[in-house]
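The next block holds one structure in the form of structure tokens; read it before the comments.
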Amino acid sequence: MSKTFAFYNRFVRSLPGDPLKTNVRRQVERASYSKVMPTPVATPKLVAYAQEVAELLGMTPEFVSSQEFASVFGGNQVMKGMDPYAMNYAGHQFGQWAGQLGDGRAINLGEMVGTDGQNWTLQLKGAGPTPYSRTADGRAVLRSSIREFLCSEAMVHLGVPTTRALSLVVTGESVVRDMFYDGRAKEEPGAIVCRVAPSFLRFGNFQIHAAREEHDILKRLMDFSITNDFPGLVSAEEALSRSHYLTWFQEICDRTSDLMVHWMRVGFVHGVMNTDNMSILGLTIDYGPYGWIDHYDHDWTPNTTDAQSRRYIFGNQGAIAHWNLAQLARAILPVVEDAESLQSILNGFPKRYQTSYNAMMAAKLGLTGADSVEVVKVTTGVEALLLSAETDMTMFFRLLADLDPSSTIDVWLRTLEPAYYGPETPDRAKNLTEWLLGWQAVVTRSGVSWSERRAGMNAVNPKYVLRNYLAQEAIDRAHSGDYSGISELLEVMRRPYDEQPSFERYFAKRPDWARQKAGCSMLSCSS
Ligand code: AMP
Ligand code: MG
């Protein structure tokens with residue numbers, strides 16, 4: 001007997017849909033979505049899944065391993081109650097207005113209440129063309145699907161807000177991609193990830209209605225977002241007023257700021273912070289050419305498409321989030337009708353970001369409770385130190401917690417040695433010694449015991465992150481038919497802050513072979 005779940009579809013029920021039902025690419029006006037079915041694939045096969053997400057959705061291991069599961073999450077079958085649709089959205093891409101974009105290869109299946117009592121929408125990525133596919137095929141390749149599947153779940157376990165991933169299904173069909181944009185397109189295996197989130201609304205969903213001056217729909221969408229996804233902001237039956245919209249915008253700004261600080265804490269570079277890739281809920285969304293910082297570098301981006309303008313480099317993410325929020329403010333202005341208040345909320349962003357960033361760095365350095373002027377000095381100092389010699393970000397902060405106050409400075413230098421990419425030089429030892437002595441003085445004055453400080457630092461400095469080369473190793477194995485590397489990596493990333501002696505090999509710098517390898521240090525948007 002076929003499995004049943006109570007799916008409901010608030011988005012479809014509450015908002016205007018595309019009256020045209022044919023699945024042809026077009027400009028879709030006066031509609032927030034288009035109903036569209038996934039396109040069936042040859043032989044859907046489940047190759048990885050996240051048990052935690054399955055449990056959250058009330059799916060048993062038996063159901064997950066059934067043919068029905070592979071069929072539904074490969075797009076060959078729709079379950080009772082699902083009402084699939086693609087969302088309409090626009091966006092600024094790399095700072096330029098790009099007009100209508102929309103879910104070109106994502107199809108929302110339905111919404112359900114999880115075992116946690118929260119609403120969760122299930123969405124397939126790579127399930128075939130939609131009215132928003134423009135010139136592309138609606139599909140996704142295995143390499144980028146593995147990256148999205150693993151990183152979504154790695155982020156959750158790191159405590160970073162994100163969309164989640166239920167499953168990774170290979171389609172048995174190939175997809176043609178020109179990975180390096182050099183005219184050498186080739187066939188790659190296709191795959192579909194089922195993403196799961198309370199909402200997939202992006203800044204761009206509001207921008208599309210604003211750009212078309214569909215202010216009535218814009219208001220309906222804002223009201224929908226507030227009442228469904230921000231229930232704390234409004235009491236039942238209350239009519240929405242300007243102050244609700246302003247509180248909502250403030251909340252989006254705060255969540256976005258917090259998300260950026262998380263990314264900076266764990267060394268994550270999104271790579272494509274276009275406004276269509278910014279979640280209204282402050283979640284990390286759309287894992288494309290993202291990357292993890294190996295050696296600390298503010299100027300690094302993994303995205304080859306952005307290699308020239310370097311808009312989305314690691315150190316710019318806070319400022320770009322602010323710019324994106326300004327675009328959202330412009331979009332919602334016709335409904336809010338209070339430019340001054342929106343501007344004043346926007347103006348508060350840099351200060352909030354900087355204050356949270358400083359607090360985050362203080363926690364990474366074990367300086368919680370220390371004098372704030374001293375913290376800023378030590379933080380600025382550590383950034384300069386990390387930039388002065390190639391230093392692995394994850395290893396440096398993790399090893400720093402191990403420095404025992406009763407040891408000599410020589411022991412400290414040896415403890416930190418594995419975090420460096422190059423050999424020790426007299427200059428490096430001198431800079432490090434100076435910084436360490438300054439740091440130790442502040443630590444001592446803060447009065448926190450060594451063991452307490454160490455535990456606090458280890459709770460915010462992960463030992464294991466999804467380094468680019470690790471994901472690439474799992475991809476290479478999958479391309480040769482061995483999918484076990486995906487689940488192995490997920491297993492390590494489940495407990496990123498714990499010592500996991502059997503996985504010690506994952507606590508290592510990027511190997512030399514990965515420095516300039518495609519997929520490891522450079523990624524294109526081709527996915
Ligand atoms: P992204 O850069 O992945 O955030 O995508 C930007 C826009 O291009 C979104 O509207 C996507 O839905 C669309 N898109 C990306 N890849 C494809 C594809 N293979 N087929 C159809 N649309 C796509
Ligand atoms: Mg996108």
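Order of appearance sets the numbers: ligands from 1, and atoms from 1 within every ligand. Both backbone and side-chain heavy atoms feed into the values below; hydrogens, waters and symmetry mates do not. Model, not experiment: these values are computed from the prediction.
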Quiz prompt | Under 2.8 Å from the Mg ion (ligand 2) - protein N/O/S, by chain and number | solution =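 As for protein N, O or S atoms lying under 2.8 Å from the Mg ion (ligand 2), they are Asn277 OD1, Asp286 OD2.
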Does the side chain of [X] reach to within under 4.5 Å of the side chain of [Y], using non-hydrogen atoms?
X	Y	answer
Leu346	Phe249	yes
Val272	Phe94	yes
Leu158	Tyr497	yes

Quiz item: Near ligand 1, which residues have a heavy atom under 4.0 Å away from one of its atoms?
Solution: Tyr89, Gln93, Leu101, Gly102, Asp103, Gly104, Arg105, Ser133, Arg134, Ala136, Asp137, Gly138, Arg139, Arg177, Asp276, Asn277, Asp286
Quiz item: Is it the case that Tyr287 and Asn277 place a side-chain donor and acceptor less than 3.5 Å from each other?
Solution: no
Quiz item: Between Arg494 and Gln51, does any side-chain donor sit less than 3.5 Å from a side-chain acceptor?
Solution: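 Checked: Arg494/Gln51 side chains show no N/O donor-acceptor pair below 3.5 Å.
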Exercise. Without swapping roles, check the side chain of Thr171 against the backbone of Pro44 for a donor-acceptor pair under 3.5 Å.
Key: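 Side chain of Thr171 to backbone of Pro44, a donor-acceptor pair under 3.5 Å: no, none is there.
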Exercise. Tell me, please, which residues at least two apart from Tyr290 pass side chain to side chain donor-acceptor pair (under 3.5 Å).
Key: none
Exercise. Would you name the heavy atoms of Pro189 and His479 that are closest together and state the gap between them?
Key: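 Heavy atoms of Pro189 and His479 come nearest at CG-CD2, 3.8 Å.
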Self-check item: Non-neighbouring partners of Ala514 that pass side-chain contact (heavy atoms from CB on, under 4.5 Å), sequence neighbours left out
Solution: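 Testing Ala514 for side-chain contact (heavy atoms from CB on, under 4.5 Å), a comparison that skips the adjacent residues, returns Tyr469, Arg510, Pro511, Cys520.
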